[in-house]
Peer 1: 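To start, I am sharing the structure in question, which I have written as structure tokens.
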Amino acid sequence: MPFQSAGCHPGLAKTREAAWEWAESEGLDLSVPARKKMIRTRPELWISLIFPKASQDHLDLFCQWLFWAFLVDDEFDDGPAGRNPLMCEKAITRLVDVLDGAAPNGPMERALAGLRDRTSTGRSSQWNRQFRRDTAAWLWTYYAEAVERAAGQVPSRSEFAKHRRDSVAMQPFLCLHEITAEIDLPESARSLPAYIALRNAVTDHSGLCNDICSFEKEAALGYEHNAVRLIQRDRGCTLQEAVDEAGIQLSRIAERVQRAEKELIEEIEAAGIVGPARAALERCVQDYRGLVRGDFDYHARAERYTRPDLVELDERDSLSQYFAA
């Protein structure tokens, strides 16, 4: 890991308390296994490592987004909703409709509507388009995985790398970074090849880091959409050999982050970008390394990843209470 830590937000404990109070107020009544899993997940830690200088209000809002996203992730990765394409399609369609402004039904949709309204207010049309695209693309990855599971298919490593770029859900949080950084990139800046490459490298690093740290937990639940598992299947190698290869790939992605930073500075100069747009892009270059390091540190500290022995194999039957109807 070539990037220095930017530290951890001092409001971590406050944002944890605010997240659980928010969940209760939204009627998100977690089952006992789901509650245990969320405690082990520690969304407040990830958000505090990613945004160590955010205001407390922003930290609370972003943590509630992450709490909600982890609930969705556990429902579709581990629960029956992710193994029934029709159930999955119905649930994801509804969530995307709510994201687009439809009236919500049920606690998960109502929670999403509240987050949507609190987040999008005052943001530009280009920001809202980017955030909507990234969030909807993430949600639809669960349907893609449900269909592949039902068909008995496993993606190739190259196909999975493209899929993982959306499924890890880092891209929406890069949009949220703009809020706390008090920037709003114009469409021209979002279209710069090096900016796109930088976002993709940051996202790819998060996805592979997550897969390396999640492999044991996901293997226990029979979850195949994991880069380490795909390396092992493809090469017919041992788990340790697959983890070693994934670690080498992770280092190369960090190098891609550095290369994209340099190229983005060059493109800013070549395009003659000045003023607020230049300052916004430079802020991304400045902050994204901290996001990569914070994500890396989180995976080494949260029991969701460090204690695969705590996975309860009967968790699957207790999930999907929100999407089974």
Side-chain angles (χ1 to χ4, degrees), residues 1-7 49-54 58 62 119-120 122-138 141 157-210 227 248-297:
M1 170 48 60
F3 307 137
Q4 295 296 313
S5 171
L49 288 167
I50 294 297
F51 300 117
K53 300 184 187 309
H58 285 157
F62 300 165
T119 304
S120 61
R123 301 305 299 174
S124 69
S125 59
Q126 58 263 24
W127 185 92
N128 278 296
R129 281 195 300 271
Q130 181 81 54
F131 185 69
R132 190 269 179 202
R133 190 220 74 84
D134 293 340
T135 305
W138 160 61
T141 62
R157 288 166 62 183
S158 61
E159 290 168 343
F160 181 71
K162 296 176 183 178
H163 169 86
R164 196 73 175 109
R165 189 169 287 168
D166 285 324
S167 71
V168 73
M170 175 61 95
Q171 300 258 15
F173 284 91
L174 295 182
C175 294
L176 295 181
H177 162 262
E178 294 185 48
I179 295 177
T180 193
E182 298 183 337
I183 60 177
D184 200 327
L185 292 169
E187 206 72 54
S188 57
R190 296 181 192 280
S191 301
L192 289 172
Y195 174 70
I196 296 170
L198 180 59
R199 276 181 66 109
N200 287 343
V202 170
T203 300
D204 292 348
H205 194 281
S206 179
L208 186 53
C209 184
N210 183 282
I248 292 170
Q249 291 178 7
L250 195 67
S251 296
R252 289 173 178 163
I253 295 171
E255 292 171 359
R256 281 173 47 206
V257 172
Q258 295 171 306
R259 185 165 60 251
E261 291 172 342
K262 179 177 180 293
E263 291 173 352
L264 181 54
I265 297 300
E266 293 170 351
E267 289 181 8
I268 290 171
E269 293 292 341
I273 298 173
V274 297
R278 183 187 184 105
L281 286 167
E282 290 174 344
R283 181 65 186 269
C284 292
V285 171
Q286 172 188 326
D287 289 354
Y288 280 12
R289 287 187 174 201
L291 269 68
V292 173
R293 176 58 187 262
D295 179 76
F296 181 84
D297 290 346

Peer 1: Using every non-hydrogen atom in the two residues, find where Val257 and Ala201 come nearest and quote the distance to one decimal.
Peer 2: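 Reported closest heavy-atom pair: CG2-CB, 3.7 Å.
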Peer 1: Would you say that Leu176 contacts Phe131 through its side chain, given a criterion of any heavy-atom pair below 4.5 Å between the two side chains?
Peer 2: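 Touching, per the 4.5 Å side-chain cut-off.
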Peer 1: Which heavy-atom pair separates His58 from Ile179 by the least distance, and what is that distance?
Peer 2: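 Minimum heavy-atom contact is NE2-CG2, 3.5 Å.
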Peer 1: If the condition is side chain to side chain contact (heavy atoms under 4.5 Å, CB included), which residues does Pro2 pass it with, not counting sequence neighbours?
Peer 2: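 Per chain and number, Pro2 pairs via side chain to side chain contact (heavy atoms under 4.5 Å, CB included) with Ala254, Gln258.
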Peer 1: From Ile253 CD1 over to Leu208 CG, what is the distance, rounded to the nearest 0.5 angstrom?
Peer 2: 5.0 Å
Peer 1: Answer yes when Glu182 and Arg283 have at least one side-chain N-carboxylate O distance shorter than 4.0 Å, and no when they do not.
Peer 2: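 No, no charged N to carboxylate O under 4.0 Å.
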Peer 1: Could you list the residues that satisfy side chain to side chain contact (heavy atoms under 4.5 Å, CB included) with Asp166, not counting sequence neighbours?
Peer 2: Arg133, Ala137, Thr141
Peer 1: With a 4.5 Å heavy-atom cut-off, do Gln171 and Thr135 have their side chains touching?
Peer 2: no
Peer 1: When rounded to the nearest 0.5 angstrom, what distance separates CG in Leu291 from OG in Ser206?
Peer 2: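 The distance works out to 9.5 Å.
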Peer 1: Using side-chain contact (heavy atoms from CB on, under 4.5 Å), reason through Arg164 and Asn210 one step at a time and then give a plain yes or no.
Peer 2: CA-CA 10 Å; Arg164 196 73 175 109; Asn210 183 282; 3.0 Å; yes
Peer 1: Nearest 0.5 angstrom please: Leu281 CG to Gln286 CD, how far?
Peer 2: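 Nearest 0.5 Å value for the CG-CD distance: 12.5 Å.
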Peer 1: With sequence neighbours excluded, what pairs up with Asp184 under the side chain to side chain contact (heavy atoms under 4.5 Å, CB included) test?
Peer 2: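 Applying side chain to side chain contact (heavy atoms under 4.5 Å, CB included) to Asp184 gives Arg123, Ser124, Gln126, Trp127, Glu178, Arg190.
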Peer 1: Give me the atom names and distance for the closest heavy-atom approach of Ser120 to Asn128.
Peer 2: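 Ser120 and Asn128 have their closest heavy atoms at CB-OD1, 3.1 Å.
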Peer 1: Minimum heavy-atom separation for Glu267 and Ala194, please, with both atom names.
Peer 2: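 Distance-wise, the nearest heavy atoms are OE1-N, 3.0 Å.
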Peer 1: Name the residue from Arg199, Arg252, Arg256 that meets the salt bridge (Lys or Arg N to Asp or Glu O under 4.0 Å) definition with Asp204.
Peer 2: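 Filter result, single survivor: Arg256.
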Peer 1: Between Arg278 and Glu282, does at least one N-O distance fall below 4.0 Å, as a salt bridge requires?
Peer 2: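 Yes, Arg278 and Glu282 are salt-bridged.
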Peer 1: Taking all non-hydrogen atoms of both residues, which atom of Ile196 and which atom of Ser191 are closest, and how far apart?
Peer 2: CD1-O, 3.9 Å
Peer 1: Return each pair, listed once, that meets ring pair (Phe, Tyr, Trp, His ring centres under 6.0 Å) where at least one residue sits in residues 273-296; pairs must be two or more places apart or across chains.
Peer 2: His177-Tyr288
Peer 1: Distance check, rounded to the nearest 0.5 Å: Cys209 atom SG versus Gln249 atom CD?
Peer 2: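 Interatomic distance, Cys209 SG to Gln249 CD, rounded to 0.5 Å: 13.0 Å.
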Peer 1: Taking it one step at a time, do Glu266 and Lys262 satisfy salt bridge (charged side-chain N to carboxylate O under 4.0 Å, His left out)?
Peer 2: CA-CA 6 Å; Glu266 293 170 351; Lys262 179 177 180 293; 2.7 Å; yes
Peer 1: Roughly how far, to the nearest 0.5 Å, is the CD1 atom of Ile50 from the CZ atom of Phe62?
Peer 2: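 Answer rounded to 0.5 Å: 12.0 Å.
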Peer 1: Go through the structure and list residues passing ring-ring contact (aromatic ring centres under 6.0 Å, His included) with Phe173, not counting sequence neighbours.
Peer 2: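 ring-ring contact (aromatic ring centres under 6.0 Å, His included) check on Phe173 returns Trp46.
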Peer 1: Go through the structure and list residues passing side chain to side chain contact (heavy atoms under 4.5 Å, CB included) with Ala277, not counting sequence neighbours.
Peer 2: Pro186, Ile273
Peer 1: For His163 and Phe160, what are the C-alpha separation, side-chain angles and deciding distance, and is it a side-chain contact (heavy atoms from CB on, under 4.5 Å)?
Peer 2: CA-CA 5 Å; His163 169 86; Phe160 181 71; 4.0 Å; yes
Peer 1: Hey, are the side chains of Ile183 and Cys284 touching, using non-hydrogen atoms and a 4.5 Å cut-off?
Peer 2: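 Of all side-chain heavy-atom pairs linking Cys284 with Ile183, at least one is under 4.5 Å.
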Peer 1: Output the distance between atom CG (Asp295) and atom OG1 (Thr203), rounded to the nearest 0.5 Å.
Peer 2: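 These two atoms lie 9.5 Å from each other.
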Peer 1: Counting only N and O atoms by type, is there a donor-acceptor contact under 3.5 Å from the side chain of Arg293 to the main-chain atoms of Phe3?
Peer 2: yes
Peer 1: Could you report the tightest heavy-atom contact between Leu264 and Tyr195, atom names first, then the distance?
Peer 2: CD1-N, 3.8 Å
